[in-house]
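As a basis for the values below, the full set of heavy atoms in this structure was taken, side chains included, without hydrogen atoms, waters or symmetry mates.
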Amino acid sequence: MTEQPITAVAIPGLFWRRAFYTLAVLTTSVVGLLAMHRVVDDLALGWQIALLTLFALTFSWIAMAFWGAVCGFVLCALRLDPLSLRRLRPTPPSAYRLMSKTALVMPIYAEPPVPTIAGLEATCRSLLSQARTEGGSPAIGEHFDVFILSDTQTQAQAREEAAHVAALQQRLAGQINVYYRRREKNEGRKAGNIAEFCRRWGRRYDFMVVLDADSLMSGATLLHMVHRMQREPRVGLIQTVPIPVGQRTLFGRCLQIASALYSPMLAAGQSFWQGDAANYWGHNAIIRTRAFMAHAGLPALPGKAPLGGELLSHDFVEAALLKRAGWQVLLDTSATTAVSQKVPHAGASHNSFEAMPSNFLDFAKRDRRWLQGNLQHLRLLSGAGFHPISRLHFLFGAFAYLSSVVWLGLLVCTSLLVGVQAIAPPQSPAFPPLLSVGLLWITLFMLLAPKLLGYLLTLSQCPHAFGGRFKLTLSVLFELAFAALIAPLMMAWHSLFIVNVLLGRSVEWQTQHRGERSLAWREAWRHTYWMTVCGVIWAVAMAACSLHAFFWLTPAWAGLVLATPIVKYSSSGTWGGVVSHRLGLLKTPSISYRPTLLDDFAALSARGDTPDHAPLEGVVAPLPGELVGEMPCQSFRCFDKRPASASAREPH
């Protein structure tokens with residue numbers, strides 16, 4: 001009997017989608033560059049080269065975001081799936097259709113046990129309740145196991161962690177298996193933690209869902225992903241779009257509403273042209289275990305840190321390795337889009353959530369680690385066998401941080417030119433007034449267009465989820481002003497971080513502070529005083545040279561001057577409460593609809609903080625029997641492509 005080939009997910013017209021997106025971005029960039037050339041035509045050659053280079057990089061980056069947002073807007077407005085281009089018609093997942101074994105894998109490192117275990121338990125209970133709502137009691141426990149993979153190094157923390165896990169095992173006994181494994185040495189950090197799980201138990205499972213310590217996923221979303229992996233055997237990884245929730249500070253609220261408003265649309269635009277070469281963000285994703293074991297083993301980069309050694313941002317590379325081996329990597333936006341648009345039958349049960357840092361300093365510290373990891377990816381641009389889209393992921397991930405240096409360079413060059421012309425005025429105006437102002441307004445429009453399109457989409461489809469049309473409008477204006485103020489701060493921090501990396505200063509990947517933390521004035525000033533000083537000097541210099549330039553550059557220097565109060569007050573839960581509760585602004589669907597998953601998480605977290613419910617010194621249940629498998633390290637220098645379907649056909 002002839003073996004039937006395993007078909008891939010059909011993505012109609014993918015070549016033409018990518019061609020359209022590329023042509024749109026290139027055309028826009030070239031037109032903008034030609035206009036800028038007219039603007040700087042009378043300057044000296046050195047000024048022309050510097051300004052044109054910096055502008056071309058900045059404008060092209062803005063053009064990519066603009067056209068991605070346009071694609072996402074059209075898809076979401078028409079309620080089309082970005083991959084199949086068919087009408088979104090979500091069907092409720094069913095536990096009775098399960099034919100596979102899935103591991104929920106949560107790698108942790110010195111995490112606070114109460115919220116971590118509460119989030120995992122809320123996810124498990126949502127999965128169990130999903131089965132019970134179907135009029136029967138399908139044995140979820142036969143199809144799902146839970147693994148808490150600890151890299152905690154302190155003995156006292158590990159004992160507390162184990163006690164909470166033992167209590168969780170007792171509460172879920174007979175419903176779903178929960179296992180706890182702790183490594184004595186955290187070799188390879190998170191990637192090494194997951195790889196060790198794969199080598200010991202990976203062959204027991206068809207799929208694994210990777211969760212962070214702050215991840216929350218509903219049972220409906222988990223079943224949806226498992227069903228899709230069962231139906232589509234060429235898919236190696238499916239990434240969901242996690243939406244930030246749970247923060248009460250002003251900073252956290254602004255990040256949450258920005259993500260809720262714009263992320264579904266932007267993700268749809270990305271999925272439209274990325275197709276089956278999407279990216280992996282390290283959590284809230286499902287992975288075909290054997291494909292991952294066969295093709296995603298990570299080697300270390302030659303040389304020393306910060307640009308060599310262990311890969312800090314492993315997820316991008318793992319997705320690229322899977323795609324290189326012929327597996328499809330998908331960005332699934334259907335659940336997030338359905339919730340944001342309230343598509344019938346989707347309801348609020350499809351959820352993929354995460355937490356965000358509650359203040360600017362913790363956010364910047366996390367970005368410092370990500371920046372170093374993404375700069376490492378530049379060394380993989382010439383890696384053997386990588387798909388062109390994977391190479392773009394490496395490039396774009398790094399340029400997301402390098403763009404801050406480019407923007408800073410453009411501002412510095414412009415300011416220096418203003419100063420030079422103030423000292424020795426040219427015979428004719430430096431810039432053609434009409435053309436330069438027009439180009440500036442076009443650039444600003446393209447920069448703000450993704451936010452405007454997200455606002456228009458929400459205004460027409462689900463304004464009630466954000467407090468109604470009037471409060472939605474005020475919330476968007478508030479978030480827009482906040483984003484404009486913090487943009488120069490992120491530019492300054494990213495530029496400083498890049499300088500540190502170039503000087504060879506590495507950073508250790510430590511535990512992220514996940515709870516709310518209000519900053520004191522002293523701490524805020526200690527980390528931002530240099531921005532304020534630079535901002536004041538810059539503003540005074542521009543006012544002395546040209547009042548016209550002073551006013552045009554206000555959005556840039558004002559954020560630096562106000563850096564300390566911005567960082568201080570945005571970390572306040574009190575100010576967040578005033579804006580959110582008293583004024584009714586910055587509401588999101590997770591607040592308006594209040595999914596059961598979030599209510600359960602809040603209740604379980606509160607119970608865990610109560611002394612009456614403190615865990616006893618319980619005994620952690622034994623680990624399951626190992627089914628040892630190999631996870632060989634891959635090579636970035638050479639690649640021998642083998643059919644991806646081979647391991648998909650291997651029997652369990």
*Who are the salt bridge (Lys or Arg N to Asp or Glu O under 4.0 Å) partners of Arg181, not counting sequence neighbours?*
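So Arg181 forms a salt bridge (Lys or Arg N to Asp or Glu O under 4.0 Å) with Glu196.
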*For Glu310, enumerate each residue passing the salt bridge (Lys or Arg N to Asp or Glu O under 4.0 Å) test, keeping only those at least two apart in sequence or located in another chain.*
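So Glu310 forms a salt bridge (Lys or Arg N to Asp or Glu O under 4.0 Å) with Arg189.
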*Under the ring pair (Phe, Tyr, Trp, His ring centres under 6.0 Å) test, which residues partner His143, sequence neighbours left out?*
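Once residues adjacent in sequence are excluded, His143 has no partner under the ring pair (Phe, Tyr, Trp, His ring centres under 6.0 Å) criterion.
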_If we ignore hydrogens and angles and just use 3.5 Å, is the side chain of Lys568 paired with the main-chain N or O of Arg522 as donor and acceptor?_
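Not at all, since once roles are kept as given, no pair shorter than 3.5 Å links the two residues.
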_Tell me which one of Thr221, Leu216, Leu222 satisfies side-chain contact (heavy atoms from CB on, under 4.5 Å) with Ser218._
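Option passing the side-chain contact (heavy atoms from CB on, under 4.5 Å) with Ser218: Thr221.
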*asked:* Hydrogens and angles aside, do Glu161 and Ser150 bring a side-chain donor and acceptor to less than 3.5 Å of each other?
replied: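 Yes, because at least one side-chain N or O of Glu161 sits under 3.5 Å from a partner of the opposite role on Ser150.
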Minimum side-chain heavy-atom gap [X]-[Y] below 4.5 Å:
| X | Y | answer |
| --- | --- | --- |
| Gln169 | Val620 | yes |
| Asn279 | Leu331 | no |
| Leu298 | Glu318 | yes |
| Ile194 | Phe292 | yes |
| Arg183 | Asn193 | yes |
| Met217 | Phe353 | no |
| His283 | Pro242 | yes |
| Pro589 | Phe466 | yes |

Among residues two or more places apart or on two chains, list those pairs meeting salt bridge (Lys or Arg N to Asp or Glu O under 4.0 Å) that have a residue in [range].
| range | answer |
| --- | --- |
| residues 98-108 | Lys101-Asp145 |
| residues 215-225 | none |
| residues 244-265 | Arg248-Glu516 |

*Take Ser263 and Ile243 through the side-chain contact (heavy atoms from CB on, under 4.5 Å) test and state the conclusion after the steps.*
CA-CA 8 Å; Ser263 290; Ile243 300 297; 4.2 Å; yes
*Plane angle bin for Phe360 and Phe363 - parallel if under 30°, tilted between 30 and 60°, otherwise perpendicular*: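 Phe363 and Phe360: perpendicular rings.
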*Could you check whether the rings of Phe482 and Phe251 sit parallel, tilted or perpendicular, using 30° and 60° as the cut-offs?*
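Plane angle over 60°, so perpendicular.
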*Do you know which of Phe394, Tyr401, Phe396 makes ring pair (Phe, Tyr, Trp, His ring centres under 6.0 Å) with His377?*
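Exactly one option meets the ring pair (Phe, Tyr, Trp, His ring centres under 6.0 Å) with His377, and it is Phe394.
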_Pair Phe147, Leu104 - check side-chain contact (heavy atoms from CB on, under 4.5 Å), show working._
CA-CA 6 Å; Phe147 280 81; Leu104 305 185; over 6 Å; no
*asked:* Run Val105 and Val209 through side-chain contact (heavy atoms from CB on, under 4.5 Å) and show every step you take.
replied: CA-CA 6 Å; Val105 175; Val209 176; over 6 Å; no
*Taking only Lys NZ, Arg NE, NH1 and NH2, and the carboxylate oxygens of Asp or Glu, determine whether Arg517 and Glu523 approach each other closer than 4.0 Å.*
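The answer is yes: the pair qualifies as a salt bridge.
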*Ion pair present between Arg228 and Asp332, side-chain N to carboxylate O less than 4.0 angstrom?*
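Looking at Asp332 together with Arg228, the answer is yes, because their closest N to O distance falls below 4.0 Å.
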*asked:* Please find the pair of heavy atoms, one from Leu322 and one from Gly236, that lie closest to each other, and give the distance.
replied: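 Closest heavy-atom pair between Leu322 and Gly236: CD1-O, 4.3 Å.
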